[in-house]
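Some notes on the structure that comes next.
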Amino acid sequence: MKAALASLMLLGTVAASIHAGEPPGLWLGTSWYPEQWPESRWDADLALMQQCGLKVVRIGEFAWSSLEPAEGRYTLDWMERAIDRAQAHGIAVVIGTPTDAPPAWLTTKYPETLRVDIDGRRMEHGTRRQFSYASPKYRELCRTIVERLARRFGHNPDVIGWQIGNEYTEDSYDPAARRQYHEWLRARYGTLDALNRRWGTAYWSETFDSWDQIPMGGGTGMGSGRGNPGLMLDYMRFVTDTWVGFQQNQLEVLRRFVDARQRITTNLGGLGWADRFNRRDIAAPLDFIAWDDYVGEGHLDPVRNGATDDLVRGWKRQNFWVMECEPAFVDWAPISNALAPGETRQLVWEDIGHGADAALYWQWRSDLNGQEQYHGTLVGPGGEPEPFFAEARQTAREMALAAAPLEGTAPHSEVALLHDYDSRWAIDFHPQTVRYNQVDVLLGYYRALRAAAQSVDIVDPRADLTAYRLVVAPSLNVISVELARHLEAYVRAGGHLVLGPRSGMKDGYNALNVQRQPGPLVPALGGRVEQFYALLEPVPVAGDWGQGKATIWAEALAQRSPDCRVVMRYGAGNGWLDGQPAALTRALGKGTITYLGAVLDAGLMGQAAQDWVTGAGVEVNGIAAPSDVEVCRRSGPGGDVFILLNFGAGPERVTLPDRFQDVLDGGQVDEVTLPVRGVSVLYRQNTAVGPS
Ligand code: GLA
């Protein structure tokens, strides 16, 4: 009786904290689909979630047919009961708008809402994402259901947020999308003459004399051939704007009817690096952004995972949520192997170290007969905990301990890597060598910079760069005159800019820059690229940063100003490159601009990055650790939280520069030993602020 009373009191405290309005800083949760289970089961599931320590569920994002079983007939009561029951277990709710999966009555009655693929096939019911993102009728129906939900739950104290749709994915080639595309082009260019000039359509007699002649996606289709470069780049921008419009349609409704306290996001999916549209533009109007952290086949790659977090954080330059992650395994990878025990816990802690304020497992319980029966879950088909449950509970316990110190903190870096969708698209349309995988090239830079500086931001080139001592742009292919101005101003004010290979080749219309590379930045650099080469064999390269090889790509550079200095040169290689400059640098204003024309091997890349970091005077995080131990730092007005992760094969000892509070194990420590896959969370109060 006493115990029951105590646990009731505890429940009261948790529930009260949900009602208090402002959510605590750190959430562990899961996707829960109450509509798929008898209501009599809900309490048992929620009690298990509570036992696990979960604090939030996302519900509803595929529930349209349960919320509106026939046009205009709304059945929202069950959702209210589910929210109430969750609250009773101290669990808050994020509602997903159900627009990723329209019900059968909808697409039957309004077939024009169905998506058409590039080969002209109209989708059918029976899966999800079968809608056209451009369809006015579909948008109208989305608005209606979202308004119903928003009016009903927009002031519900247990609803803390909204997710619009789910993982925007497929563009559409239906007549409405085509019409909008032509209108979009007309608005952008005004006249066909201007469009023909910018796209250079005299080439192959492509010249258009009416807007509706203009094909979508490059004429031959994205991925199945190469279309006009200007057209292809603009098509990707159109796709982006159409998704932005799709989202805005629902966002406006939510803004009108829900409390500002309920924060609005979308879930941008499992492939942070996917570039089917510009994700930063999607993130811009939202309160925060979320992604899905899935490993799929293999094991956690801490460099790639941390970089993806940093990319996502860069879209809004603020902390984010991991809206989904795998409870040890997925069901869609070629080999959906399980992560090792403790590996998902490390994944979550690495995400937190890079700015995640929440992580939700997908999904709570195995669906009995849906399309994802084999996926990892916390609870199996019979409703009993899976082996992974204990790891989730441990993670929840730890997050509860770390929530207070992490409150109000975020990662900060003095180094930025630039990631640009226009450049990604421009190079991928015409890669010149299959070996040039831009994400891999960027990760090569990231790995080296993170080793040297411990933390790296990944941001858009147009972002305010003033806070960074060092800005590195691995493949900034598209540099318009305006972007060049922005980057040059950064350098003149004292920044250190490093441009990597393929930078500045194209203008904003994906046409070649006549100055050669780096286009409008040639005068600032006082040098340029004479010629680029896709390499068959590596070429030696040596100079101030050490020696090694150019691996897959090399550009021969030339000085054009006496104060532009050669930093690296090629050795004997493909003949054209022999003895030519591989990197140039020049002091400009209070800063420097450097151009590196080669993709370097990992060793030389590491030395180069170290040189840039030291040269720019970048301050590192503050705890020196063995190379297998990642050190993440989140800082706030109250102090610093360090998250140490051991990715090595044996235990690692880290000597600390100071005494820290050991958040997970308790006590004050001046060294920690991390077991294999170990995590340590250390807190140092900012003494200037005083005790909080
Ligand atoms: C995505 C979706 C989920 C689910 C998971 C499975 O991220 O958002 O609905 O399909 O993948 O891994």
Between atom [atom1] of [X] and atom [atom2] of [Y], what is the distance when rounded to the nearest 0.5 Å?
X      : Y      : atom1 : atom2 : result
His89  : Gln50  : NE2   : CD    : 6.0 Å
Asp234 : Met216 : CG    : CE    : 12.5 Å
Arg279 : Leu311 : CZ    : CG    : 8.5 Å
Leu368 : Gln373 : CG    : CD    : 8.0 Å
Ser135 : Tyr110 : OG    : OH    : 11.0 Å
Arg304 : Leu300 : CZ    : CG    : 12.0 Å

Is a side-chain donor-acceptor pair under 3.5 Å present for [Y] with [X]?
X      : Y      : result
Glu112 : Tyr138 : no
Trp37  : Asp45  : no
Asp367 : Gln36  : no
Thr99  : Gln250 : yes
Asn305 : Glu350 : yes
Thr240 : Asp281 : no
Asn278 : Arg237 : no

- request: Give the intermediate values and the outcome of side-chain contact (heavy atoms from CB on, under 4.5 Å) for residues Arg345 and Glu398.
  value: CA-CA 10 Å; Arg345 166 179 170 251; Glu398 294 171 344; 2.9 Å; yes
Donor-acceptor contact present, side-chain [X] to main-chain [Y], <3.5 Å:
X      : Y      : value
Glu252 : Leu254 : no
Glu391 : Gly342 : yes
Arg365 : Pro381 : yes
Asp119 : Arg121 : no
Thr266 : Ala283 : no
His182 : Ile214 : yes
Gln180 : Ala134 : yes
Arg41  : Gly383 : yes
Arg424 : Trp273 : yes
Asn319 : Thr409 : yes

Side-chain ion pair, Asp310 and Arg313, N-O less than 4.0 Å: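 So Asp310 pairs with Arg313 through a salt bridge.
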message: For Trp425 and Tyr421, take the angle between the two ring planes, folded into 0 to 90°, and tell me which bin it lands in: parallel under 30, tilted 30 to 60, perpendicular over 60.
response: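 Trp425 vs Tyr421 ring planes: tilted.
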Which heavy atom of [X] sits nearest a heavy atom of [Y], and at what distance?
X      : Y      : answer
Cys325 : Val348 : SG-CG2, 4.2 Å
Trp42  : Pro34  : NE1-O, 3.2 Å
Arg115 : Asp171 : CD-O, 3.4 Å
Val258 : Gln262 : CB-OE1, 3.3 Å
Leu268 : Tyr168 : CD2-CD1, 4.2 Å
Asp259 : His155 : OD1-ND1, 2.5 Å

Does any non-hydrogen side-chain atom of [Y] lie less than 4.5 Å from one of [X]?
X      : Y      : value
Leu48  : Phe389 : yes
Met79  : Ile59  : yes
Ile289 : Phe320 : yes
Thr265 : Asp287 : no
Glu326 : Ser336 : no
Trp27  : Met399 : no

Using the rule ring-ring contact (aromatic ring centres under 6.0 Å, His included), only one of [options] pairs with [X]; which is it?
X      : options                : result
His375 : Tyr361, Trp362, Phe329 : Trp362
Tyr181 : Tyr173, Phe238, Trp211 : Phe238
Phe288 : Trp162, Trp315, Trp321 : Trp321

field: Verdict with supporting geometry, Arg151 and Glu147, salt bridge (Lys or Arg N to Asp or Glu O under 4.0 Å)
entry: CA-CA 6 Å; Arg151 283 178 182 273; Glu147 181 172 331; 2.8 Å; yes
query: Centroid-to-centroid, Tyr133 to Phe277, below 6.0 Å?
result: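 Ring centroids of Tyr133 and Phe277 are no less than 6.0 Å from each other.
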query: Is the count of non-hydrogen atoms from other residues, nucleotides or ligands lying under 6.0 Å from Glu124 atom CD greater than 12?
result: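 At most 12 heavy atoms, drawn from other residues, nucleotides or ligands, come within 6.0 Å of this atom.
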message: Are there over 12 heavy-atom neighbours, none belonging to Tyr374, within less than 6.0 Å of that residue's OH?
response: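 Incorrect, the count does not exceed 12.
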- request: Carefully, step by step, assess Glu39 and Arg85 under the rule salt bridge (Lys or Arg N to Asp or Glu O under 4.0 Å).
  value: CA-CA 10 Å; Glu39 207 166 321; Arg85 296 316 304 148; over 6 Å; no
Qualifying salt bridge (charged side-chain N to carboxylate O under 4.0 Å, His left out) pairs, either residue in residues 66-78, two or more places apart: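 For residues 66-78, and leaving out neighbouring residues, the salt bridge (charged side-chain N to carboxylate O under 4.0 Å, His left out) pairs sorted by first residue read Glu71-Lys109, Asp77-Arg152.
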field: Chi angles and distances behind the side-chain contact (heavy atoms from CB on, under 4.5 Å) call for Leu46, Trp32
entry: CA-CA 10 Å; Leu46 291 161; Trp32 179 45; 3.7 Å; yes
- prompt: Please walk me through it: do Glu167 and Arg129 pass salt bridge (Lys or Arg N to Asp or Glu O under 4.0 Å)?
  reply: CA-CA 9 Å; Glu167 298 190 335; Arg129 299 181 189 151; 2.8 Å; yes
task: Output, in order, the C-alpha distance, side-chain angles, deciding distance and verdict of salt bridge (Lys or Arg N to Asp or Glu O under 4.0 Å) for Asp420 and Arg462.
output: CA-CA 9 Å; Asp420 176 47; Arg462 281 151 287 266; 2.6 Å; yes
message: Go through it in stages, so that I can follow the logic: the residues are Leu106 and Trp64, the test is side-chain contact (heavy atoms from CB on, under 4.5 Å), and I'd like the CA-CA distance, side-chain angles, deciding distance and then a yes or no.
response: CA-CA 10 Å; Leu106 189 158; Trp64 198 335; 3.6 Å; yes
task: Report the C-alpha separation of Ile264 and Arg255 in whole Å, then their side-chain angles, then the decisive distance to 0.1 Å, and conclude whether the side-chain contact (heavy atoms from CB on, under 4.5 Å) test is met.
output: CA-CA 9 Å; Ile264 304 170; Arg255 292 264 184 246; 3.5 Å; yes
